[in-house]
Amino acid sequence: MTQWWQRAVIYQVYLQSFQDSNGDGIGDLKGLIQRLDYLQKLGIDAIWLSPVYQSPGQDNGYDISDYQAINPQFGTMADLEALIRQAKARDIRIIMDLVVNHTSDEHRWFKVSRQSRANPYRDYYIWRDGSATGGPPNAMKSTFSGSAWRRDEATGQYYLHLFGDKQPDLNWANPQVRQAIYKMMNFWISKGIGGFRMDVIDLIGKEPDRGIRENGPKLHPYLQEMNRATFGDTDLLTVGETWGATPSIAQQYADPKRHELSMVFQFEMMQLDQQNDDKWALRPLDPAALKQVLIKWQTAFDYTKGWNSLFWNNHDLPRIVSRWGNDQRYRVKSAKMFAILLHLLRGTPYVYQGEEIGMTNAPVASIVDVQDIESANMYREQMALGQSEKTILTAINAKGRDNARTPMQWRDAPNAGFTTSQPWLRVNPNYHIINVAAALDDPDSIFYTYQQLIRLRHENDVIVNGRFEAIQNLAPAVMAYYRVLGHTRWLVVVNLSEKRQPLDLNDQLEKTIVTNDAPLQSLTDQTLQPYQAFAAIVRHV
């Protein structure tokens, strides 16, 4: 182990929902500074900060109009510099969320680009003539529904937008684009940040004329050039969002000899409850399939030649305790189970705000309560196709991105202590029970399990560098594995279901390290309670 981020735990802050300091209903940088002591108490090493750049907010900041300016609703550049300083004083680094696949259509580059076919910035974006039949250039689809092409009346051509139509895609084939991005990245590096989370980075090598979105042939050369031009000689953490990655693809990004990124986010596991690559087509989670994917990523990925990420939640995903746990009868127990399962695997864990107190999904009864552009677009598209509103809302309540974006629940007070005015997105009504103050007052809360797991990672090399050995031939809903380093052997066992499950292992149990239930006295002929989870030091018999 040679890098700080291999032992670290990263905490994602979705800023506009974290803490409002000025009473406008929107979280901000000063609000985050006010909560640094809380994050220090949790024990995290770095904050992944959602985009704070100038933006019209069509996609909640993932549509950037000026990369080197701060959105006034979040504060000022001085506020961000103060955050970096005050976080550093607590041994916490700031990871900037960077979107370089696309910009806002209000970015200066695009405003000039659309003025004429001959202007110097035209080739900063991807423009094409329409098809011979008068429609879009080809059949590429937007992630946010509909065609990925929009006709611009000023010049009569179409521009590519793999997300919203106000998020035109940059043309990475243009070396001027790449150099402008590298210059901007070095601007932020000079501020003393701890790294970059790189939004949909696997799309920058797209070749739309060939219908290629992810993993284009120039993707890795672009990343290697970026590495040389920016963070290559630093200890910055760089993590790329790569929805289409397999273990072999993830290995390419993270192999230090290739000089690309520290690690990537891979999403195979997070697509197990959908059908036919459609996130809205729901199906129940199969615990056996979850085990299979977890084991594959621990064994097919070579940790001696790279590094990987571990996560359940982020700003785009529903809350794991609602998604695959039980957020009613077994909320605390299932939340702790997922934490124990994930944090003792090999890789760098990421915690999404509120995960550490067991925040849940926030169902809506009407589309008027939905802010998320992806959910709203899907609603309109499906209603036009004749789908029932009830079915559409069921899908949004299960998988919509607003579930993760409701304001952080700090205490049992108006608006959960997030703001003194109307919040930009409604607070989950369960804040009276689920909040930070209650969690800190309860020594058996989910918070303290997360705190314990973070401390264990910091203090035990077996978690960071130990071998992973899966245990086979268990009940389908039971996952168990060893972490082994030298003579140290840890056993991790979890019941992924709300039904009792059998457990029968030959290991001699020496000491329970962490658990969400009464410690077992033996591993032979045992019954695991619903969502029971534990880690123990064992001796192999």
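Keep in mind it's a predicted model, so treat the numbers as computed, not measured.
Across all non-hydrogen atoms, the minimal contact from V492 to A535 is CG2-CB, 4.1 Å. Looking at every heavy atom in both residues, G27 comes nearest to F418 through N-CZ, 3.5 Å. Here the closest non-hydrogen pair linking E260 and N227 is O-ND2, 3.0 Å. Nearest heavy atoms, L341 versus L496: CD2-CD2, 3.9 Å. The minimum heavy-atom distance between Y11 and G354, with the atom names listed, is OH-N, 3.6 Å. Between D302 and T304, the shortest heavy-atom distance links the atoms OD1-OG1, 2.5 Å.
Taking the six-membered ring where the residue is Trp, the centroids of Y352 and H315 are separated by 6.0 Å or more. Between H343 and F338, a ring centre-to-centre spacing not shorter than 6.0 Å is recorded. Side-chain rings of Y38 and W410 approach one another, their centers coming within less than 6.0 Å.
When only modelled atom types and interatomic distance are considered, D517 and T515 share no side-chain donor-acceptor pair under 3.5 Å. Between the side chains of S497 and Q501, at least one donor-acceptor pair of N or O atoms lies under 3.5 Å. In summary, the side chains of Y448 and D442 do not present any donor paired with an acceptor at a separation below 3.5 Å, with no hydrogens or angles considered. In this model, a donor atom of one side chain and an acceptor atom of the other lie less than 3.5 Å apart for Q409 and N430. In the model, N361 has no side-chain atom that pairs as donor or acceptor with a side-chain atom of D327 under 3.5 Å. With 3.5 Å as the limit, one finds no donor-acceptor pair spanning the side chains of S262 and W307. With hydrogens and angles left out, the side-chain atoms of D507 and H540 include a donor and acceptor closer than 3.5 Å. In this model, no donor atom of one side chain and acceptor atom of the other lie less than 3.5 Å apart for D402 and S375. Residues E355 and W312 bring no donor and acceptor atom of their side chains to less than 3.5 Å of each other.
Between K305 and D255 there is no salt bridge, since none of the side-chain N atoms of the basic residue sits less than 4.0 Å from a carboxylate O of the acidic one. Between R228 and D233 there is no salt bridge, since none of the side-chain N atoms of the basic residue sits less than 4.0 Å from a carboxylate O of the acidic one. Classification of D273 and K279 as a salt-bridged pair fails, no side-chain N sitting under 4.0 Å from a carboxylate O. With salt bridges taken as basic N to acidic carboxylate O contacts below 4.0 Å, one links R405 and D316. Comment: D441 does not engage R411 in a salt bridge, judged by the lack of any side-chain N to carboxylate O separation of less than 4.0 angstrom.
Residues P530 and R500 meet the side-chain proximity criterion, which asks for heavy atoms closer than 4.5 Å. Proximity of Y481 to E469: side-chain heavy atoms (C-beta onward) are nowhere separated by under 4.5 Å. The closest side-chain heavy-atom distance from M185 to I181 is below 4.5 Å. M226 is listed as a side-chain neighbour of W172, based on a closest heavy-atom distance under 4.5 Å. The shortest distance between side-chain heavy atoms of L344 and F468 does not fall below 4.5 Å. Under the 4.5 Å side-chain criterion, counting only non-hydrogen atoms from C-beta, L42 is in contact with F447. Annotation: side chain of Q274 is not in contact with side chain of R283 (no heavy-atom distance under 4.5 Å). Between M96 and L80, some side-chain heavy-atom pair lies under the 4.5 Å cut-off.
Environment of CD in E459: crowded, with over 12 heavy atoms of neighbouring residues, nucleotides or ligands closer than 6.0 Å. The neighbour count for Q292 CD, taken as heavy atoms of other residues, nucleotides or ligands under 6.0 Å away, does not exceed 12. No more than 12 heavy atoms of other residues, nucleotides or ligands shown are found within 6.0 angstrom of NZ on K88. When the shell of 6.0 Å around CD1 of I433 is examined, it contains 12 or fewer heavy atoms from other residues, nucleotides or ligands.
Cation-pi check for R489 over Y482 is met; the charged atom lies under 6.0 angstrom from the ring centroid and within 45 degrees of its normal.
A donor-acceptor pair under 3.5 Å is absent between the side-chain atoms of Q532 and the main chain of N516, judged by distance alone. With R35 contributing its side chain and G31 its backbone, the two residues share no donor-acceptor pair below 3.5 Å. Not one N or O on the side chain of Q19 forms a donor-acceptor pair closer than 3.5 Å with the backbone of Q34. When atom types are taken as modelled, the side chain of D202 and the backbone of E214 share no donor-acceptor pair closer than 3.5 angstrom. Side-chain atoms of S445 come within 3.5 Å of backbone N or O of A439 as a donor-acceptor pair. A donor-acceptor pair is defined here as one N or O able to donate and one able to accept, closer than 3.5 Å; no such pair exists between the side chain of D199 and the backbone of N101. Here the side chain of Y303 pairs a donor or acceptor atom with the backbone of R346 at under 3.5 angstrom. Remark: the backbone N or O of F163 is paired with a side-chain donor or acceptor of S142 at under 3.5 angstrom. A donor-acceptor contact shorter than 3.5 Å is absent between the side chain of D286 and the backbone of L290. No donor-acceptor distance shorter than 3.5 angstrom exists from the side chain of T242 to the backbone of G244, with no hydrogens or angles considered.
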Practice task
Would you sort out whether L49 and Q12 count as a side chain to side chain contact (heavy atoms under 4.5 Å, CB included), showing the intermediate values?
Solution key: CA-CA 6 Å; L49 182 63; Q12 183 187 357; over 6 Å; no
Exercise for the section: Please lay out, stage by stage, how V264 and E241 fare under the test side chain to side chain contact (heavy atoms under 4.5 Å, CB included). Expected result: CA-CA 6 Å; V264 298; E241 181 189 27; over 6 Å; no
Handout entry: F231/L261 under side chain to side chain contact (heavy atoms under 4.5 Å, CB included): CA gap, chis, key distance, verdict
Key = CA-CA 9 Å; F231 51 77; L261 304 176; 3.9 Å; yes
Practice task
Could you walk me through whether W297 and N308 pass side chain to side chain donor-acceptor pair (under 3.5 Å), step by step?
Solution key: CA-CA 9 Å; W297 279 90; N308 205 6; over 6 Å; no
Exercise for the section: For the pair R213 and K206, evaluate side chain to side chain contact (heavy atoms under 4.5 Å, CB included) and give the outcome as yes or no after the intermediate values. Expected result: CA-CA 5 Å; R213 293 169 61 98; K206 71 184 80 67; 5.5 Å; no
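Note that CD of E225 is 10.0 Å distant from OG1 of T230, once rounded to the nearest 0.5 Å. Between the CD1 atom of I201 and the CG atom of L219 there is a distance of 7.5 Å, given to the nearest 0.5 Å. Here CG of L282 is found 8.0 Å from OG1 of T394. Values are rounded to the nearest 0.5 Å. Note: I44 CD1 to L39 CG = 5.0 Å, rounded to the nearest 0.5 Å. Separation of atoms OH (Y62) and OG (S50) is listed at 5.5 Å; rounding is to 0.5 Å.
Listed by chain and residue number, E498 satisfy the side-chain hydrogen bond (donor to acceptor under 3.5 Å, both in side chains) test with N326 (two or more places apart in sequence, or in another chain). With sequence neighbours left out, the side-chain contact (heavy atoms from CB on, under 4.5 Å) criterion links H458 to R7, D45, I454. Considering only residues two or more places apart in sequence or on other chains, S309 meets the side-chain contact (heavy atoms from CB on, under 4.5 Å) condition with M263, F265, Q266, F311, Y350.
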